[in-house]
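Just below is one structure, and these are the notes that go with it.
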Amino acid sequence: MKVPQHLRAATKRFFRALMEDYELADFQARTLILACEAFDQANAAREALENGKLTYDDRFGQPKERPEVGILHKASMRYAQLMRELALEGVAPEGPRLPRTADYGSAR
């Protein structure tokens with residue numbers, strides 16, 4: 001599969017490296033493309049936030065989260081999920097996540 005031209009240069013290198021290192025089925029390559037797109041979206045949102053604040057004041061003077069914060073969060077989560085879905089050895093963690101324990105979130 002060809003490297004999608006709309007990806008950023010570093011992401012294209014990442015895509016090429018994984019395509020060379022692993023024999024991916026067509027559906028896996030498509031999943032990798034979606035992961036790469038999510039990675040680029042997260043980086044674009046991060047760059048937009050670097051020069052500004054995480055919030056802005058609405059017309060009533062109330063602080064609101066900038067849209068880029070949500071984009072960054074969603075794209076980062078989507079990237080992590082898609083890479084986990086690919087389950088490439090050495091790239092994503094193996095096996096299911098451990099269940100939360102009874103003391104999850106408690107102060108130590």
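Numbers here are sequence positions counted from 1. All values derive from a computational prediction rather than experimental measurement.
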Should Glu68 and Arg46 count as side-chain neighbours, where that means a heavy-atom distance under 4.5 Å? no

Do Leu86 and Val3 belong to the same hydrophobic cluster, where Ile, Leu, Val, Met, Phe, Trp and Tyr are linked whenever their side-chain heavy atoms lie under 4.5 Å apart, directly or via other members? yes

Kindly compute the distance separating CZ (Arg59) from NZ (Lys64), expressed to the nearest 0.5 Å. 10.5 Å

Among the clusters formed by ILVMFWY side chains lying less than 4.5 Å apart, do Phe15 and Leu82 turn up in the same one? no

Roughly how far, to the nearest 0.5 Å, is the NE2 atom of His6 from the SG atom of Cys36? 8.5 Å

When rounded to the nearest 0.5 angstrom, what is the spacing between CG in Asn43 and OG in Ser76? 8.0 Å

How close do Leu72 and Ala42 get, counting heavy atoms only, and between which atoms? CD1-O, 3.3 Å

Using every non-hydrogen atom in the two residues, find where Ala75 and Gln41 come nearest and quote the distance to one decimal. CB-CB, 3.9 Å

Check: Phe27 main-chain N/O paired with Thr31 side-chain donor or acceptor under 3.5 Å: yes

Going hydrophobic residue to hydrophobic residue with side-chain gaps under 4.5 angstrom, can you get from Met83 over to Phe39? yes

Enumerate donor-acceptor pairs with a distance under 3.5 Å from any side-chain N or O in residues 47-57 to protein atoms, sequence neighbours excluded.
residue, atom, partner, partner atom, Å
Glu47, OE1, Arg8, NH1, 3.4
Glu47, OE1, Arg8, NH2, 3.2
Glu47, OE2, Arg8, NH1, 2.8

Measuring only between side-chain heavy atoms, which start at C-beta, is Lys12 closer than 4.5 Å to Gln5? yes

Reported CE-to-CD distance for the pair Met19 and Gln28, which is rounded to 0.5 angstrom: 9.5 Å

Applying side chain to side chain donor-acceptor pair (under 3.5 Å) to His73 and not counting sequence neighbours gives none

Approximate separation, where rounding is to 0.5 Å, of Leu88 CG and Asp21 CG: 9.5 Å

Atom CE of Met77 and atom NZ of Lys74: how far apart are they, to the nearest 0.5 Å? 12.5 Å

Is there a side-chain contact between Arg30 and Met1 in this structure, where contact means two heavy atoms from C-beta onward sitting under 4.5 Å apart? yes

